[in-house]
Amino acid sequence: MERGSFVLGHQLTSDQLNARILNYPTIAVPERKMTLNTSPVGIDRAILFDDGAYNNRDIQLIIGFEGKQADSNIQKFLSVLDTGKYIDFQMYSDPDYTYQVIRQSTGTIARPTYSDGYRELTIMLSAAPYRYVAPAQTETITTLISTLVNLTNYVAKPYIKIVGSGSITLTINSTDYRFSNVTGSIELDSAMQNVWHTNGKIIVNENAKMAIGPFPTLKPGNNNINLSAGTATIEPRWRTL
């Protein structure tokens, strides 16, 4: 990526907005979600309760918009952010990863006195703690044993689509994930912990078709995967801090 460039939501690029990131983005390291209990008597340290997760991180940006459409382009940028859900954001400063961002804070728009066609937007974005390897990868799994290699140090929570019918068992690292009464296909998102089936443009909840238990994850290193029937498409969503 060129210096200062970015892609927001896989659809809006810095070139389309005639914009560039002016600062080297300041990105905080996410805080671990932990609670310290200092009340017990006779113990020489606080008792630690670790949630096994992280808080969001902040990304501070200064973006310059040039041309007669500068004000309009700032509004386009903000409208893509303000959708009530996380939006993928890729920056020149970290081109191999995608961040998932939202806008929670206010921003400022400055106009220098010497130019009618230039604006600077200063804004703080809130990003989900993990950044994801870009571009996103997909793997096709058949009934033969396959291996996916997680090169990061963190557990991945994949998206999986299984094409087949009837009872199907997906096995990852000797753990079975069972699905019953599958009709053509079934999809699951381990991050959101949802199971569904798409019927044309209609999304049908299929949580009841997955046996009760944890959703699939992919550990660091080798992950052995087997499917009892049909085929599966897996987007691993490799991630790191």
Side-chain angles (χ1 to χ4, degrees), residues 1-34 51-137 150-157 159 189 191-192 235-241:
M1 300 180 71
E2 294 182 359
R3 182 177 178 86
S5 63
F6 60 85
V7 180
L8 181 64
H10 299 295
Q11 59 180 320
L12 196 61
T13 69
S14 51
D15 286 342
Q16 291 171 328
L17 297 175
N18 199 13
R20 286 292 183 270
I21 298 174
L22 303 180
N23 65 321
Y24 193 88
T26 302
I27 304 174
V29 176
E31 179 186 17
R32 185 79 170 185
K33 288 185 176 180
M34 295 187 295
D51 290 341
Y54 299 89
N55 289 317
N56 275 18
R57 65 170 87 198
D58 291 331
I59 300 178
Q60 185 176 354
L61 295 174
I62 303 173
I63 305 176
F65 293 79
E66 295 188 10
K68 295 181 179 179
Q69 301 300 316
D71 286 322
S72 174
N73 286 335
I74 289 176
Q75 296 309 310
K76 288 180 183 179
F77 179 85
L78 294 176
S79 67
V80 173
L81 278 176
D82 294 347
T83 58
K85 60 183 180 180
Y86 285 100
I87 301 297
D88 287 344
F89 187 50
Q90 193 174 6
M91 299 172 286
Y92 82 99
S93 55
D94 203 6
D96 296 328
Y97 294 93
T98 297
Y99 292 80
Q100 295 180 341
V101 302
I102 56 175
R103 183 177 74 89
Q104 282 187 305
S105 67
T106 60
T108 60
I109 301 173
R111 170 191 164 184
T113 55
Y114 59 82
S115 175
D116 289 337
Y118 178 77
R119 303 289 186 272
E120 283 187 5
L121 172 66
T122 301
I123 194 169
M124 182 80 75
L125 302 181
S126 177
Y130 290 99
R131 51 185 180 149
Y132 294 82
V133 174
Q137 304 170 19
N150 183 356
L151 297 177
T152 77
N153 295 317
Y154 296 90
V155 170
K157 296 183 177 181
Y159 156 82
D189 186 330
M192 301 302 295
E235 183 182 320
R237 295 172 174 168
W238 305 132
R239 62 185 189 173
T240 187
L241 291 182

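Everything numeric here is computed off the predicted structure, so don't read it as measured data.
- The shortest distance between side-chain heavy atoms of Tyr92 and Tyr24 falls below 4.5 Å.
- Remark: Glu31 pairs with Asn55 by the side chain to side chain donor-acceptor pair (under 3.5 Å) rule, at least two apart or across chains.
- Residues forming a side chain to side chain contact (heavy atoms under 4.5 Å, CB included) with Asp96 (at least two apart in sequence, or on another chain): none.
- Here the side chains of Met91 and Ile27 are in contact, with some heavy-atom distance below 4.5 Å.
- Atom CG of residue Asp94 and atom CZ of residue Phe89 lie 11.0 Å apart, to the nearest 0.5 angstrom.
- Residue Asn73 holds its CG atom at 7.0 Å from CG of Asn18, rounded to the nearest 0.5 Å.
- Interatomic distance, Ile21 CD1 to Ile59 CD1, rounded to the nearest 0.5 Å: 9.0 Å.
- Asn150 and Ala156 make their closest contact through ND2-N, 4.1 Å (heavy atoms, listed as atom of the first residue, atom of the second, distance).
- Between Leu81 and Val101, some side-chain heavy-atom pair lies under the 4.5 Å cut-off.
- When the side chain to side chain contact (heavy atoms under 4.5 Å, CB included) test is applied to Lys85, the partners found at least two apart in sequence or on another chain are Thr83, Ile87.
- Here CE of Met34 is found 9.0 Å from OH of Tyr54. Values are rounded to the nearest 0.5 Å.
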Verdict with reasoning, Tyr97 to Thr240, per side chain to side chain contact (heavy atoms under 4.5 Å, CB included): CA-CA 9 Å; Tyr97 294 93; Thr240 187; 3.5 Å; yes
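- In this structure, the separation between CG on Leu22 and CD1 on Ile62 is 6.5 Å, given to the nearest 0.5 Å.
- Every residue meeting the side chain to side chain contact (heavy atoms under 4.5 Å, CB included) condition with Ala136, not counting sequence neighbours, appears here in chain and number order: Glu235.
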For residues 117-127, run the donor-acceptor check on the side chains, cut-off 3.5 Å, and write out each pair with its distance to 0.1 Å, sequence neighbours left out.
residue	atom	partner	partner atom	Å
Tyr118	OH	Glu120	OE2	2.9
Arg119	NE	Asp71	OD1	3.1
Arg119	NH1	Asp116	O	3.0
Arg119	NH2	Asp71	OD2	3.3
Arg119	NH2	Asp116	O	3.4
Ser126	OG	Asn56	ND2	3.0

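- Every residue was checked against the salt bridge (Lys or Arg N to Asp or Glu O under 4.0 Å) condition with Asp58, not counting sequence neighbours, and none meets it.
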List the atom pairs, with distances to 0.1 Å, where a side-chain N or O of residues 5-12 and a protein N or O form a donor-acceptor pair under 3.5 Å, not counting sequence neighbours.
residue	atom	partner	partner atom	Å
Ser5	OG	Glu2	N	3.3
Ser5	OG	Glu2	O	2.7
His10	NE2	Asp88	OD2	2.7

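- In this structure Asp15 satisfies the side chain to side chain donor-acceptor pair (under 3.5 Å) test together with Arg20, sequence neighbours excluded.
- Arg237 has its side chain out of reach of Tyr130: every pair of non-hydrogen atoms, C-beta onward, lies at least 4.5 Å apart.
- By the side chain to side chain donor-acceptor pair (under 3.5 Å) test, Tyr154 is found to be paired with no residue, residues two or more places apart in sequence or in another chain being considered.
- The side chain to side chain donor-acceptor pair (under 3.5 Å) search around Arg239 returns none, not counting sequence neighbours.
- Contacts classified as salt bridge (charged side-chain N to carboxylate O under 4.0 Å, His left out) and involving residues 97-109 (residues at least two apart or in different chains) are given here: Asp82-Arg103.
- Side-chain contact between Leu241 and Pro30 is present, with heavy atoms from C-beta onward closer than 4.5 Å.
- Ser72 is linked by a side chain to side chain contact (heavy atoms under 4.5 Å, CB included) to Gln69, Lys76, counting only residues two or more places apart in sequence or in another chain.
- Nearest heavy atom pair, residue Arg32 against residue Gly52, reads NH2-CA, 3.5 Å.
- For Gln90 against Pro95, the heavy-atom pair with the smallest separation is NE2-O, 2.6 Å.
- We find the CZ-CG distance between Phe77 and Leu17 to be 8.0 Å, quoted to the nearest 0.5 Å.
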